[in-house]
Amino acid sequence: MPELPEVETVARQLAPVLTAKCLRRLVIYDEKLAGIKTHKVANRRIERVCRLGKQLVLELSPKPNSSKQCWLSIHLRMTGRLIYAANSRLPSHPDKQHLRAKLVLDDGAVSLYDLRRFARIALHDSLVTAQPQGLDPTSRAFSVQRLTELLRISTSPLKPWLMRQDRLVGIGNIYASEICFAAGIHPAQSANTLNNNEIQCLYRATKHILRAAIKHCGTTFSDFQDSRGQTGGYVRYLKTYGRENEPCKACRTPILRIVQQQRSTYFCPQCQRR
DNA sequence: ACCCTCCTGTCA
DNA sequence: TGACAGGAGGGT
(Lines give C-alpha, C1' and ligand atoms only; values in the text may rest on other atoms or scores of the structure.)
Protein backbone atom coordinates (compact mmCIF):
# COMPACT_ATOMS: atom_id res chain seq x y z
CA MET A 1 0.00 0.00 0.00
CA PRO A 2 2.38 2.68 0.92
CA GLU A 3 4.00 4.45 -1.97
CA LEU A 4 6.49 7.29 -1.74
CA PRO A 5 4.14 9.92 -0.25
CA GLU A 6 2.83 7.56 2.44
CA VAL A 7 6.30 6.44 3.48
CA GLU A 8 7.51 10.04 3.42
CA THR A 9 4.62 10.94 5.73
CA VAL A 10 5.53 8.20 8.17
CA ALA A 11 9.25 9.08 7.99
CA ARG A 12 8.57 12.75 8.74
CA GLN A 13 6.37 11.84 11.68
CA LEU A 14 8.72 9.26 13.13
CA ALA A 15 11.94 11.24 12.70
CA PRO A 16 11.30 13.63 15.61
CA VAL A 17 10.12 10.88 17.98
CA LEU A 18 12.90 8.39 17.14
CA THR A 19 15.99 10.44 16.39
CA ALA A 20 18.58 10.38 19.17
CA LYS A 21 16.56 7.80 21.12
CA CYS A 22 17.92 4.42 22.12
CA LEU A 23 16.39 1.43 20.37
CA ARG A 24 16.18 -0.82 23.42
CA ARG A 25 15.10 -3.87 21.52
CA LEU A 26 13.48 -5.11 18.38
CA VAL A 27 10.77 -7.70 18.97
CA ILE A 28 9.82 -9.96 16.07
CA TYR A 29 6.46 -11.69 16.39
CA ASP A 30 6.45 -13.05 12.83
CA GLU A 31 9.74 -14.52 11.61
CA LYS A 32 8.54 -14.37 8.03
CA LEU A 33 8.93 -10.59 8.02
CA ALA A 34 12.45 -10.48 9.38
CA GLY A 35 15.28 -12.97 9.56
CA ILE A 36 17.25 -10.72 11.87
CA LYS A 37 19.24 -11.54 14.97
CA THR A 38 17.51 -8.97 17.11
CA HIS A 39 20.39 -8.65 19.58
CA LYS A 40 22.40 -7.01 16.79
CA VAL A 41 20.24 -3.89 16.92
CA ALA A 42 19.42 -3.80 20.61
CA ASN A 43 20.61 -0.80 22.63
CA ARG A 44 21.78 1.21 19.67
CA ARG A 45 21.09 4.88 19.32
CA ILE A 46 18.89 5.93 16.38
CA GLU A 47 21.01 8.50 14.58
CA ARG A 48 18.76 9.25 11.65
CA VAL A 49 15.37 8.33 10.17
CA CYS A 50 14.89 8.63 6.44
CA ARG A 51 13.00 7.32 3.44
CA LEU A 52 14.73 5.43 0.64
CA GLY A 53 12.30 4.80 -2.19
CA LYS A 54 9.35 3.15 -0.48
CA GLN A 55 11.40 2.03 2.50
CA LEU A 56 11.87 3.58 5.89
CA VAL A 57 15.46 3.39 7.07
CA LEU A 58 16.87 3.88 10.57
CA GLU A 59 20.56 4.62 10.89
CA LEU A 60 21.82 3.02 14.08
CA SER A 61 24.94 3.94 16.05
CA PRO A 62 27.77 1.45 16.63
CA LYS A 63 27.61 -0.79 19.68
CA PRO A 64 30.04 0.08 22.49
CA ASN A 65 33.59 -1.13 21.61
CA SER A 66 32.77 -1.16 17.92
CA SER A 67 32.91 1.30 15.07
CA LYS A 68 30.31 -0.36 12.90
CA GLN A 69 27.09 1.46 12.24
CA CYS A 70 24.14 -0.39 10.77
CA TRP A 71 20.92 0.43 8.98
CA LEU A 72 17.55 -1.09 9.66
CA SER A 73 15.20 -0.98 6.69
CA ILE A 74 11.44 -1.44 6.87
CA HIS A 75 9.40 -2.02 3.73
CA LEU A 76 5.64 -1.92 4.35
CA ARG A 77 4.70 -3.47 0.97
CA MET A 78 0.91 -3.69 0.63
CA THR A 79 -0.69 -3.50 4.06
CA GLY A 80 2.06 -2.64 6.51
CA ARG A 81 1.58 0.14 9.05
CA LEU A 82 3.90 1.67 11.60
CA ILE A 83 2.09 3.05 14.61
CA TYR A 84 3.85 5.02 17.31
CA ALA A 85 2.60 5.05 20.88
CA ALA A 86 4.19 6.78 23.85
CA ASN A 87 4.24 4.69 27.03
CA SER A 88 1.72 7.07 28.57
CA ARG A 89 -0.68 6.19 25.78
CA LEU A 90 -0.47 2.42 26.17
CA PRO A 91 -2.34 0.07 25.97
CA SER A 92 -2.10 0.80 22.30
CA HIS A 93 -3.65 -0.58 19.20
CA PRO A 94 -6.58 -3.00 19.27
CA ASP A 95 -5.26 -4.92 16.24
CA LYS A 96 -3.15 -7.44 18.20
CA GLN A 97 -3.83 -10.09 15.58
CA HIS A 98 -1.72 -8.39 12.91
CA LEU A 99 1.08 -7.17 15.14
CA ARG A 100 4.26 -8.49 13.47
CA ALA A 101 7.11 -6.56 15.11
CA LYS A 102 7.83 -3.85 17.62
CA LEU A 103 10.61 -1.30 18.07
CA VAL A 104 10.86 -0.66 21.79
CA LEU A 105 12.17 2.68 23.09
CA ASP A 106 12.50 3.88 26.67
CA ASP A 107 9.48 6.10 26.44
CA GLY A 108 7.36 4.41 23.80
CA ALA A 109 7.25 1.94 20.93
CA VAL A 110 6.66 1.72 17.20
CA SER A 111 4.53 -1.27 16.24
CA LEU A 112 4.48 -2.83 12.79
CA TYR A 113 1.07 -4.17 11.83
CA ASP A 114 0.64 -6.05 8.59
CA LEU A 115 -2.43 -7.96 7.53
CA ARG A 116 -0.95 -9.72 4.50
CA ARG A 117 2.52 -10.40 5.91
CA PHE A 118 4.34 -9.00 2.89
CA ALA A 119 6.25 -6.37 4.87
CA ARG A 120 10.00 -6.85 5.34
CA ILE A 121 12.55 -5.74 7.89
CA ALA A 122 16.22 -6.11 7.03
CA LEU A 123 19.58 -5.17 8.46
CA HIS A 124 22.39 -3.68 6.38
CA ASP A 125 25.98 -2.82 7.14
CA SER A 126 26.00 -0.07 4.57
CA LEU A 127 23.43 2.36 3.32
CA VAL A 128 24.24 1.38 -0.25
CA THR A 129 22.91 -2.16 0.12
CA ALA A 130 19.68 -0.78 1.56
CA GLN A 131 19.27 1.59 -1.33
CA PRO A 132 16.99 0.90 -4.26
CA GLN A 133 18.51 1.26 -7.72
CA GLY A 134 16.34 3.96 -9.21
CA LEU A 135 16.29 7.73 -9.10
CA ASP A 136 14.13 9.46 -6.49
CA PRO A 137 11.69 11.72 -8.37
CA THR A 138 11.52 14.13 -5.43
CA SER A 139 15.28 14.64 -5.46
CA ARG A 140 17.20 17.41 -7.22
CA ALA A 141 18.86 14.82 -9.42
CA PHE A 142 15.53 14.16 -11.13
CA SER A 143 15.54 16.27 -14.29
CA VAL A 144 13.86 16.29 -17.69
CA GLN A 145 17.16 15.13 -19.16
CA ARG A 146 17.44 12.14 -16.84
CA LEU A 147 13.79 11.26 -17.39
CA THR A 148 14.27 11.46 -21.16
CA GLU A 149 17.25 9.11 -21.01
CA LEU A 150 15.39 6.60 -18.88
CA LEU A 151 12.30 6.62 -21.11
CA ARG A 152 14.25 6.17 -24.35
CA ILE A 153 15.62 2.75 -23.46
CA SER A 154 12.26 1.09 -22.85
CA THR A 155 9.35 -0.02 -24.99
CA SER A 156 7.25 -0.73 -21.90
CA PRO A 157 3.79 0.87 -21.64
CA LEU A 158 4.09 4.07 -19.63
CA LYS A 159 2.04 3.17 -16.56
CA PRO A 160 3.88 -0.09 -15.81
CA TRP A 161 7.09 1.77 -16.66
CA LEU A 162 6.41 4.26 -13.89
CA MET A 163 6.06 1.47 -11.34
CA ARG A 164 9.47 -0.09 -11.99
CA GLN A 165 11.72 0.69 -9.04
CA ASP A 166 14.98 0.28 -10.96
CA ARG A 167 14.37 3.48 -12.96
CA LEU A 168 12.36 5.79 -10.71
CA VAL A 169 11.66 4.84 -7.10
CA GLY A 170 8.54 5.39 -5.06
CA ILE A 171 5.73 5.32 -7.61
CA GLY A 172 3.13 2.58 -7.14
CA ASN A 173 -0.25 1.68 -8.54
CA ILE A 174 -2.21 4.69 -7.30
CA TYR A 175 0.22 7.43 -8.26
CA ALA A 176 1.17 5.81 -11.58
CA SER A 177 -2.43 6.25 -12.80
CA GLU A 178 -2.68 9.73 -11.29
CA ILE A 179 0.58 10.84 -12.91
CA CYS A 180 -0.49 9.57 -16.36
CA PHE A 181 -3.75 11.50 -16.02
CA ALA A 182 -2.03 14.68 -14.86
CA ALA A 183 0.34 14.40 -17.81
CA GLY A 184 -2.52 13.75 -20.25
CA ILE A 185 -0.86 10.61 -21.57
CA HIS A 186 -2.49 7.24 -22.27
CA PRO A 187 -1.18 4.64 -19.80
CA ALA A 188 -0.48 2.13 -22.58
CA GLN A 189 1.71 4.44 -24.65
CA SER A 190 5.23 3.07 -25.04
CA ALA A 191 7.82 4.85 -22.94
CA ASN A 192 10.16 5.39 -25.86
CA THR A 193 7.51 7.02 -28.05
CA LEU A 194 6.89 10.06 -25.87
CA ASN A 195 7.79 13.31 -27.59
CA ASN A 196 9.58 16.17 -25.86
CA ASN A 197 6.37 17.92 -24.98
CA GLU A 198 4.91 14.78 -23.44
CA ILE A 199 8.10 14.15 -21.47
CA GLN A 200 7.93 17.69 -20.13
CA CYS A 201 4.31 17.10 -19.09
CA LEU A 202 5.21 13.79 -17.46
CA TYR A 203 8.08 15.38 -15.57
CA ARG A 204 5.91 18.17 -14.20
CA ALA A 205 3.05 15.79 -13.41
CA THR A 206 5.31 13.42 -11.49
CA LYS A 207 6.74 16.15 -9.30
CA HIS A 208 3.41 17.86 -8.81
CA ILE A 209 1.41 14.75 -7.88
CA LEU A 210 4.02 13.45 -5.45
CA ARG A 211 4.49 16.85 -3.82
CA ALA A 212 0.73 17.36 -3.44
CA ALA A 213 0.25 13.86 -2.03
CA ILE A 214 3.01 14.40 0.52
CA LYS A 215 1.43 17.70 1.49
CA HIS A 216 -1.83 15.88 2.26
CA CYS A 217 -0.11 13.04 4.13
CA GLY A 218 -0.66 10.41 1.44
CA THR A 219 -3.67 8.48 0.20
CA THR A 220 -5.83 6.05 2.10
CA PHE A 221 -7.60 3.87 -0.40
CA SER A 222 -8.56 1.07 1.91
CA ASP A 223 -6.41 0.93 4.98
CA PHE A 224 -3.31 3.12 5.01
CA GLN A 225 -2.67 4.79 8.35
CA ASP A 226 0.21 7.05 9.29
CA SER A 227 2.26 6.67 12.46
CA ARG A 228 -0.49 8.37 14.45
CA GLY A 229 -3.24 6.17 13.07
CA GLN A 230 -4.58 8.92 10.79
CA THR A 231 -5.76 8.26 7.23
CA GLY A 232 -4.24 10.01 4.21
CA GLY A 233 -5.90 13.21 3.02
CA TYR A 234 -4.94 12.94 -0.65
CA VAL A 235 -7.74 10.46 -1.34
CA ARG A 236 -10.16 13.30 -2.08
CA TYR A 237 -7.86 14.61 -4.80
CA LEU A 238 -7.67 11.34 -6.75
CA LYS A 239 -8.82 11.92 -10.31
CA THR A 240 -8.73 8.38 -11.68
CA TYR A 241 -7.68 5.70 -9.18
CA GLY A 242 -10.64 3.66 -7.94
CA ARG A 243 -13.08 5.75 -10.02
CA GLU A 244 -14.15 3.29 -12.73
CA ASN A 245 -17.35 4.48 -14.48
CA GLU A 246 -17.37 7.71 -12.49
CA PRO A 247 -17.20 10.93 -14.52
CA CYS A 248 -13.80 12.42 -15.28
CA LYS A 249 -13.35 15.51 -13.14
CA ALA A 250 -12.16 17.41 -16.21
CA CYS A 251 -14.55 16.31 -18.98
CA ARG A 252 -17.25 14.08 -17.42
CA THR A 253 -16.31 11.10 -19.63
CA PRO A 254 -16.55 7.88 -17.58
CA ILE A 255 -13.21 6.71 -16.22
CA LEU A 256 -12.09 3.35 -17.60
CA ARG A 257 -10.36 0.52 -15.79
CA ILE A 258 -7.99 -1.72 -17.71
CA VAL A 259 -5.52 -4.35 -16.50
CA GLN A 260 -1.81 -3.96 -17.21
CA GLN A 261 0.51 -6.65 -15.90
CA GLN A 262 -2.13 -7.91 -13.48
CA ARG A 263 -2.66 -4.48 -11.94
CA SER A 264 -5.61 -2.15 -12.38
CA THR A 265 -5.01 1.03 -14.34
CA TYR A 266 -7.55 3.84 -14.37
CA PHE A 267 -7.67 6.57 -17.00
CA CYS A 268 -9.87 8.95 -18.93
CA PRO A 269 -10.18 7.92 -22.59
CA GLN A 270 -10.95 11.52 -23.55
CA CYS A 271 -8.20 13.35 -21.67
CA GLN A 272 -5.58 10.65 -22.28
CA ARG A 273 -5.71 9.86 -25.98
CA ARG A 274 -3.30 7.58 -27.70
C1' DA B 1 8.67 -8.44 -21.15
C1' DC B 2 5.38 -11.12 -19.06
C1' DC B 3 3.05 -14.28 -15.59
C1' DC B 4 2.82 -16.22 -10.89
C1' DT B 5 3.28 -16.21 -6.21
C1' DC B 6 3.77 -14.81 -1.59
C1' DC B 7 -0.57 -13.71 2.31
C1' DT B 8 -5.17 -12.43 4.41
C1' DG B 9 -9.14 -10.18 3.99
C1' DT B 10 -13.35 -7.83 1.84
C1' DC B 11 -16.90 -7.32 -1.30
C1' DA B 12 -20.06 -8.28 -5.31
C1' DT C 1 -17.08 -18.45 -5.17
C1' DG C 2 -14.16 -15.57 -7.52
C1' DA C 3 -12.10 -11.09 -8.25
C1' DC C 4 -9.40 -7.86 -6.26
C1' DA C 5 -6.21 -5.19 -2.95
C1' DG C 6 -1.00 0.18 -1.88
C1' DG C 7 4.52 -4.45 -3.77
C1' DA C 8 8.12 -6.90 -5.62
C1' DG C 9 11.09 -11.08 -6.45
C1' DG C 10 11.45 -15.24 -9.10
C1' DG C 11 10.84 -17.98 -13.07
C1' DT C 12 10.36 -18.60 -18.12
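All chains are named by letter (A, B, ...) in the order of the sequence lines, taking the proteins before the strands, and each is independently numbered beginning at 1. Please read all numbers here as calculations on a predicted model, not as lab measurements.
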Base-pair map of DNA chain C as dot-bracket, where | denotes pairing with a different strand and pairs are Watson-Crick or G-U under 3.5 Å: |||||.||||||

Kindly give the atom pairs (protein nitrogen or oxygen, nucleotide nitrogen or oxygen) under 3.5 Å for nucleotides 9-12 of chain C.
none

Within residues 188-218 of chain A or reaching into it, pairs that qualify as ring pair (Phe, Tyr, Trp, His ring centres under 6.0 Å) - sequence neighbours excluded: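 Of all non-adjacent pairs touching residues 188-218 of chain A, those that pass ring pair (Phe, Tyr, Trp, His ring centres under 6.0 Å) are A:Phe142-A:Tyr203, A:His216-A:Tyr237.
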
Interatomic spacing from CG in A:Leu76 to CD in A:Gln55 - rounded to 0.5 Å: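 A:Leu76 atom CG to A:Gln55 atom CD measures 9.5 Å (nearest 0.5 Å).
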
[atom1]-based separation of [M] from [N] [nearest Å]:
N     : M      : atom1 : value
B:dC7 : C:dG11 : P     : 15 Å
B:dA1 : C:dA5  : C1'   : 24 Å
C:dG6 : B:dC11 : P     : 15 Å

Residues from residues 161-173 of chain A lying under 4.0 Å of DNA chain C - heavy atoms: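 Output list: A:Met163, A:Gln165, A:Gly172, A:Asn173.
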
When the distance from [atom1] of [X] to [atom2] of [N] is rounded to whole Å, what number comes out?
X        : N     : atom1 : atom2 : value
A:Leu76  : C:dA5 : CG    : C1'   : 16 Å
A:Gln260 : C:dC4 : CD    : P     : 14 Å
A:Arg81  : C:dG6 : CZ    : C1'   : 12 Å
A:Phe118 : C:dA5 : CZ    : C1'   : 10 Å
A:Ile258 : C:dC4 : CD1   : P     : 13 Å

Any A:His75 side-chain nitrogen or oxygen under 4.0 Å from OP1 or OP2 of C:dA8: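 For C:dA8, OP1 or OP2 has a side-chain N or O of A:His75 closer than 4.0 Å.
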
A:Asp106/A:Arg24 salt bridge by N-O under 4.0 Å criterion: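 A:Asp106 and A:Arg24: salt-bridged.
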
Lys/Arg N to Asp/Glu carboxylate O, A:Lys32 vs A:Asp30, below 4.0 Å: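 Salt bridge absent between A:Lys32 and A:Asp30.
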
A:Arg116 (side chain) and C:dA5 (base): donor-acceptor pair under 3.5 Å: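 By the distance-only test, yes, there is a pair.
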
Touch class at under 4.0 angstrom, heavy-atom based, for A:Thr155 against every strand present: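 Sugar-phosphate only.
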
Sugar-phosphate, base or nothing in reach of A:Arg120, heavy atoms under 4.0 Å: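 It contacts nothing in the nucleic acid.
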
Residues that A:Arg44 engages under side-chain hydrogen bond (donor to acceptor under 3.5 Å, both in side chains), provided they are two or more places apart: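 For A:Arg44, no residue satisfies side-chain hydrogen bond (donor to acceptor under 3.5 Å, both in side chains) once neighbours in sequence are set aside.
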
Heavy-atom contact window of chain A on DNA chain B, given 5' to 3' at under 4.0 Å: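 With heavy atoms of chain A under 4.0 Å away, the range is B:dA1 to B:dG9.
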
